[in-house]
Each structure stands twice: as C-alpha cells, then as structure tokens.
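Order of appearance sets the numbers: ligands from 1, and atoms from 1 within every ligand. Just so it is clear, the structure is predicted and the values come from calculations on it, not from any experiment.
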Amino acid sequence: MIIIMKPRACEASVQKVTNLIESKGLVVHLSKGDQVTIIGVVGDKAKLAGSNIEISDEVDKVVSVTESYKVANRKFHPEPTEIALQNTVLGPHTLTVMSGPCAIESREQLLETAFAVKKAGATVLRGGAYKPRTSPYSFQGLETEGLKYMKEAREATGLSVICEVTSAHAIEEAVRYVDMLQIGARNMQNFELLKEAGKTRLPILLKRGLSATIDEWLNAAEYIMSEGNENVALCERGIRTYETSTRNTLDLSAVPVLREKTHLPIIVDPSHATGVRAYVEPLAKAAVAAGADGLMIETHPCPEKALSDGPQSLTFDQFETLMGDLKPYAQLSGRTL
Ligand code: PEP
Ligand code: MN
C-alpha cells in the first residue's frame, strides 16, 4: 500500500500516519519529494483494517499496490536506483559492461582476462568461483582460491569484481573478496539464499530464473530487499522456450517491462541467452537500444580451451571490437561507455 500525502503536508501529519502504521507492526518506507511525501507500507495491509488512513488530514490518497513486491516497485520509488561500485555507478547514466570468464580457471587466466577487458573498456570483471553445473562431473570452480584471484585482479586493475554465490557458505567467503554478488538463474527462487544475500551490504546481481515470470523475478528481488539490502540489479539471461537454435531465448521485452515495473538497474547477458558467440554482438546492441543499463559478456583468453561455456565466450579481440561497435549505441541512449 502507498499513501500519498497532500502537497506540502506538514512533518507532524506525516509522522502521525507513520506512527499509526508502525504501531500495527508494519514497516514504513518514506520517500520525500520537493512537493509530495509518499509513504510506502511494507507488510500485511490487512493489519490496517479499520484505520481509515484515507480520511486523515493531509492524506491525498491511498493506493493499493496489487503487486506483492513493494520495495522493488517503481510506484513507490519512481527514481531509478543507482548502485555505486568502486570505479563506476550502475544506473541510467552509464552503460556498465561486466566481462570475464565463465569460470575462474587459474590466476594467470583471470589476470590476463582482467587486463584485456579493462583495456577494451569494461568496468566490472566477472568470473565464477562456485559453478552451478548441470552435471556433477563438470568443473565445479576453484571456490576460495578463485575468490582470492578475483581480489588480486581487482587490486591490479581497479576493476570492480563480481562472483556468483551458490550457498550461505559461499556468501560468507565471497563478501571478503568481491564488490558484488551474483545469484544465478538456478538459484533465483532459493529463498533462503536470497535472504542471506539480503543480509549482506554488497550489491546483488539477481539473474532471471530459467522459467521465471517477471513477477516471480521481482518477488525474488523483494526477498533480498526486504532484508535491508536495496542495492539489487536484475539480469535478463534468456528463458526456456520451445526454440532450440539458441541455448535460451533472450526475452528483450523484459527490459521495457522491468523499466515500467521497477526502479532497479537492468543488465542483459547475451552470452548465456544464446550460447553462441556469433549472436552475442547483435543482441548486445539490441539490449542497449532497448534501454539496458549494462551488459554481461563472457570472454576467455582461449575459448576453445575454456572449462565452461567456451562456445559463447568471446576472444579478447572480438570483445574489443564489440566494445567499439557499442559506443554509438551507448551514445544514442545517453550513456557513457
Ligand atoms: C554465469 O553467469 O556464469 C551463469 C552460470 O549464469 P546463469 O545463472 O545465467 O546460467
Ligand atoms: Mn557461463
């Protein structure tokens, strides 16, 4: 529920409404504009039955938010969220490119990739230390050793670094080494993991589940945010459809839909969406044109030898060319790259 106060409502009347809501055990999120104060109510609005807030002095209207996600909802927070990383801000003014290998395989591989993607203009280094592989016999990641290489790459290049976390233990480890945590597609509805991520103070990149609707995805973001961590970005990485010519189907319409429904930054990952190197470039351009705030693109020093996702990984030369080609798209979208 959202309570819109009358223009220039006084502090005392805002406080009166806030006190009433809190006395019922609900949580208040205040948004103060120049003219209008908006009070967001988080929790079961049934507890306010009989309170008749709408007839209070200086309340303009009470809007019922039908969506169950509230903190992530644009109706309550119209301004786009900006997430500050060590060297860039994820949000409406920049095109943030996150690049790196699917999996961290060695110190040399990661450092070489870090310097290459930085040279090409990426600001965030990605790399998996905990790999949620389809088969238990596939490479599972270097875990803490990989996180240490991430930290070293961060210090050597000044890039921000992001790693996927797959368990509460992985979160505990990763917060010591990285700038941003990724929750992968397979864990989008792992609610205990989402709550643990919400208890950290690191920004979270929440990837869309393999078959998740946008509503389910935003409710997953709400799980993180309702624990107090509001620095969440969303990553469209393709969904399961009947089409088999690509690994997944990139749902580009998710970009404008999310833009309407939420204030959270939107990243598009054309690498996992297609699984095919040749399709990464056109879809990266399309994502920027559709309004994405950033891209996640897999790169590898030698994709043929990659321990995971080689077929979709770009070489450094291909990545550099792509970054150059993206410049006019970023410019047209009013973003710096
Ligand atoms: C990844 O980013 O390496 C990954 C496993 O992605 P997703 O969760 O989107 O499959
Ligand atoms: Mn991958």
Side-chain angles (χ1 to χ4, degrees), residues 96-105 109-110 113 117 122 124-136 138-143 146-147 149-150 160-167 170-171 174 178-190 193-194 197 203-212 214 216-217 220-221 224 232-241 246-252 254 266-277 279-280 283-284 287 292 294-315 319:
T96 302
V97 179
M98 307 179 169
S99 186
C102 181
I104 304 162
E105 297 168 7
Q109 172 240 22
L110 189 68
T113 309
V117 299
V124 181
L125 175 69
R126 62 143 288 142
Y130 301 89
K131 293 307 302 173
R133 305 304 298 281
T134 302
S135 159
S138 302
F139 177 60
Q140 302 287 309
L142 295 181
E143 304 189 349
L147 294 172
Y149 300 150
M150 270 301 207
S160 296
V161 297
I162 179 168
C163 254
E164 177 169 355
V165 285
T166 49
S167 64
I171 292 179
V178 302
D179 301 288
M180 189 164 186
L181 304 176
Q182 174 175 318
I183 306 274
R186 287 152 196 83
N187 278 311
M188 191 206 83
Q189 283 190 315
N190 181 340
L193 187 67
L194 297 175
I204 310 291
L205 183 70
L206 178 64
K207 289 191 134 193
R208 183 178 186 175
L210 306 176
S211 305
I214 289 176
E216 288 164 342
W217 190 10
I224 301 170
V232 176
L234 302 164
C235 180
E236 163 60 40
R237 45 78 72 210
I239 48 174
R240 282 267 163 93
T241 67
T246 46
R247 183 174 174 183
N248 294 290
T249 299
L250 180 61
D251 179 15
L252 263 190
I266 305 160
I267 305 292
V268 171
D269 171 353
S271 306
H272 291 89
T274 61
V276 181
R277 184 177 309 141
Y279 304 151
V280 169
L283 291 175
L295 296 167
M296 174 170 269
I297 294 171
E298 284 187 341
T299 44
H300 194 281
C302 185
E304 314 80 76
K305 295 200 177 131
L307 295 183
S308 72
D309 287 350
Q312 70 197 31
S313 300
L314 302 189
T315 64
F319 181 64

Shell of residues surrounding ligand 1, defined by a 4.0 angstrom heavy-atom cut-off that is strict
Cys102, Arg126, Lys131, Glu164, Gln182, Gly184, Ala185, Arg186, Lys207, Arg237, His272, Glu298

Would you sort out whether Val124 and Val161 count as a side-chain contact (heavy atoms from CB on, under 4.5 Å), showing the intermediate values?
CA-CA 5 Å; Val124 181; Val161 297; 6.0 Å; no

Quick check: closest heavy atoms across Cys235 and Asp269, and the distance to 0.1 Å?
SG-CB, 3.7 Å

Check this for me, if you would: do Arg126 and Glu298 make a salt bridge, where the nitrogen-to-carboxylate-oxygen distance has to be below 4.0 angstrom?
yes

Atom of Leu234, atom of Ala221 and distance for their closest heavy-atom approach
CD2-CB, 4.1 Å

In terms of side-chain geometry, is the basic nitrogen of Arg247 or Asp309 positioned less than 4.0 Å from the acidic oxygen of its partner?
yes

Compare every heavy atom of Thr299 with every heavy atom of Ser99, then report the nearest pair and how far apart it is.
OG-OG1, 3.0 Å

Protein N, O or S within less than 2.8 Å of the Mn ion (ligand 2), waters excluded:
Cys102 SG, His272 NE2, Glu298 OE2, Asp309 OD2

Can you find a side-chain donor-acceptor pair between Thr241 and Thr249 that sits under 3.5 Å?
yes

With respect to Phe319, which candidate in Val280, Thr113, Val97 satisfies the side-chain contact (heavy atoms from CB on, under 4.5 Å) definition?
Val97

For Leu194 and Asn187, work out which heavy atoms get closest and say how close.
CD2-O, 4.4 Å

